[in-house]
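This report concerns only the one structure given below.
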Amino acid sequence: MAKILPNILITGTPGTGKTTTAQSLSERINYRYVNVGDLVIQNNCHEGRDLEYDSYILDEDKICDVLEPLLSGGGCVVDFHSCEFFPERWFELVLVLHANTEVLFDRLVSRNYSRKKIDENMESEIMQVVLEAARDSYQEEIVHSLASNNIEDMESNILRVEEWLHEWKKNNLT
Ligand code: DAT
């Protein structure tokens with residue numbers, strides 16, 4: 001059965017602005033905001049912390065089980081730093097946010113991340129790891145790479161989604 005509303009995934013390297021953008025977007029379009037990182041903790045979708053990488057060891061199957069009932073009806077803006085283990089059918093639009101090197105560095109420093117974690121994230125952003133994963137996992141035409149350096153970028157990204165949504169409704173609900 002076709003969804004009445006699409007789901008939108010907002011992904012990108014930590015610090016690129018996923019949460020800020022996804023929360024703001026979900027309010028503007030009146031969609032449900034789904035923070036996968038929070039759900040991982042609330043539902044114990046992990047096997048503890050990886051001390052070397054200072055992050056959770058994700059239980060990807062469990063994450064998908066928790067998300068399935070939320071996403072099956074559509075109407076969600078999903079915020080997560082990886083995208084390759086979600087079923088392709090969940091998303092009609094995948095946005096990969098990017099920040100310039102200096103901007104991202106300052107954001108990560110202000111989070112008090114370790115030097116190692118900052119370096120890893122900077123390298124991942126420069127190598128466009130998340131964008132490549134998104135392009136490998138979803139149809140090319142639904143993946144969009146967007147700058148997320150300042151408030152103007154965010155506003156323009158939200159406007160683009162609103163326009164996209166308008167078109168999606170015209171093409172899918174008539
Ligand atoms: P993420 O969810 O990708 O880890 P975030 O939304 O928590 O990133 O943002 C990290 C920091 O950067 C936070 O202090 C808010 C700021 N920020 C995010 N997007 C921004 C934007 N478009 N313009 C200015 N600041 C932004």
Side-chain angles (χ1 to χ4, degrees), residues 7-43 45-46 49-58 60 63-64 66-67 70-71 75-86 90-91 93-138 142-165:
N7 289 315
I8 300 166
L9 173 62
I10 302 201
T11 187
T13 309
T16 49
K18 298 179 294 297
T19 301
T20 312
T21 304
Q23 282 180 335
S24 192
L25 173 66
S26 62
E27 276 171 32
R28 281 266 284 273
I29 63 177
N30 206 16
Y31 273 32
R32 178 176 187 156
Y33 169 66
V34 178
N35 184 314
V36 178
D38 288 348
L39 289 179
V40 165
I41 297 168
Q42 286 157 10
N43 296 278
C45 305
H46 61 83
R49 283 194 71 82
D50 182 323
L51 296 180
E52 193 191 340
Y53 290 99
D54 188 21
S55 60
Y56 284 101
I57 303 162
L58 300 176
E60 297 175 354
I63 296 175
C64 290
V66 169
L67 286 172
L70 294 174
L71 300 193
C76 294
V77 178
V78 176
D79 165 0
F80 201 46
H81 54 76
S82 1
C83 58
E84 62 272 19
F85 64 88
F86 298 139
W90 276 353
F91 299 106
L93 182 66
V94 176
L95 305 179
V96 185
L97 302 187
H98 293 286
N100 292 340
T101 318
E102 325 80 66
V103 172
L104 185 64
F105 184 79
D106 289 348
R107 288 181 189 170
L108 295 176
V109 167
S110 68
R111 279 186 174 173
N112 292 320
Y113 278 0
S114 66
R115 184 69 216 199
K116 181 173 154 58
K117 196 160 174 168
I118 292 174
D119 288 349
E120 274 162 13
N121 283 314
M122 293 300 298
E123 190 181 321
S124 167
E125 178 65 1
I126 290 163
M127 303 294 288
Q128 306 212 322
V129 170
V130 182
L131 180 60
E132 200 166 311
R135 288 188 172 145
D136 285 346
S137 310
Y138 301 91
I142 76 158
V143 177
H144 299 268
S145 169
L146 299 174
S148 175
N149 293 302
N150 48 46
I151 296 301
E152 291 74 27
D153 285 344
M154 186 166 84
E155 182 57 27
S156 128
N157 293 338
I158 291 174
L159 281 173
R160 274 182 71 175
V161 176
E162 287 177 326
E163 284 165 17
W164 174 88
L165 210 46

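Both ligands and their constituent atoms are indexed starting at 1 by order of listing. Values in this document were obtained by computation on a predicted structure and should not be read as measured data.
The closest protein non-hydrogen atom to atom 9 (O) of ligand 1 is T20 OG1, 3.6 Å. In terms of protein heavy-atom proximity, atom 22 (N) of ligand 1 is nearest to N150 O, 2.9 Å.
Under the 4.5 Å side-chain criterion, counting only non-hydrogen atoms from C-beta, C45 is not in contact with Y56. Taking the side chain as every heavy atom from C-beta outward, M122 and T101 approach each other to under 4.5 Å.
For T19 and D79, the side-chain atoms include at least one donor-acceptor pair closer than 3.5 Å.
The R111 neighbourhood of ligand 1 comprises atoms 1 (P), 4 (O), 5 (P), 7 (O), 8 (O), 10 (C), with distances under 4.0 Å to a heavy atom of that residue. Here is the list of ligand 1 atoms found below 4.0 Å of a heavy atom in P14: 4 (O).
In this pair, Y138 and F91 present their aromatic rings perpendicular. The plane angle is above 60°, beyond the 30 to 60° band. Classification of the F85-F80 ring pair by plane angle, with boundaries at 30° and 60°, yields perpendicular.
At a 3.5 angstrom cut-off on N or O pairs, M154 does not count as close to ligand 1. For a threshold of 3.5 Å applied to N or O pairs, the pair formed by T21 and ligand 1 contains no separation below that value. Taking only nitrogen or oxygen atoms, main chain and side chain alike, D79 does not reach within less than 3.5 Å of ligand 1.
Distances from ligand 1 to the non-hydrogen atoms of D153 include no value under 4.0 Å. Under a 4.0 Å heavy-atom criterion, G12 is not in contact with ligand 1.
Of the candidates G17, S110, S148, the one placing a heavy atom closest to atom 8 (O) of ligand 1 is G17.
Side chain of K18 to backbone of V78: no donor-acceptor contact under 3.5 angstrom is found. S148 contributes a side-chain N or O that, together with a main-chain N or O of T16, makes up a donor-acceptor pair within less than 3.5 Å.
Note that CG of L58 and CD1 of I63 are 4.5 Å apart. Values are rounded to the nearest 0.5 Å.
Closer than 4.0 Å to atom 14 (O) of ligand 1 lies none of the heavy atoms of the protein.
Looking at R107 against ligand 1, only its side chain comes within 4.0 Å, counting heavy atoms.
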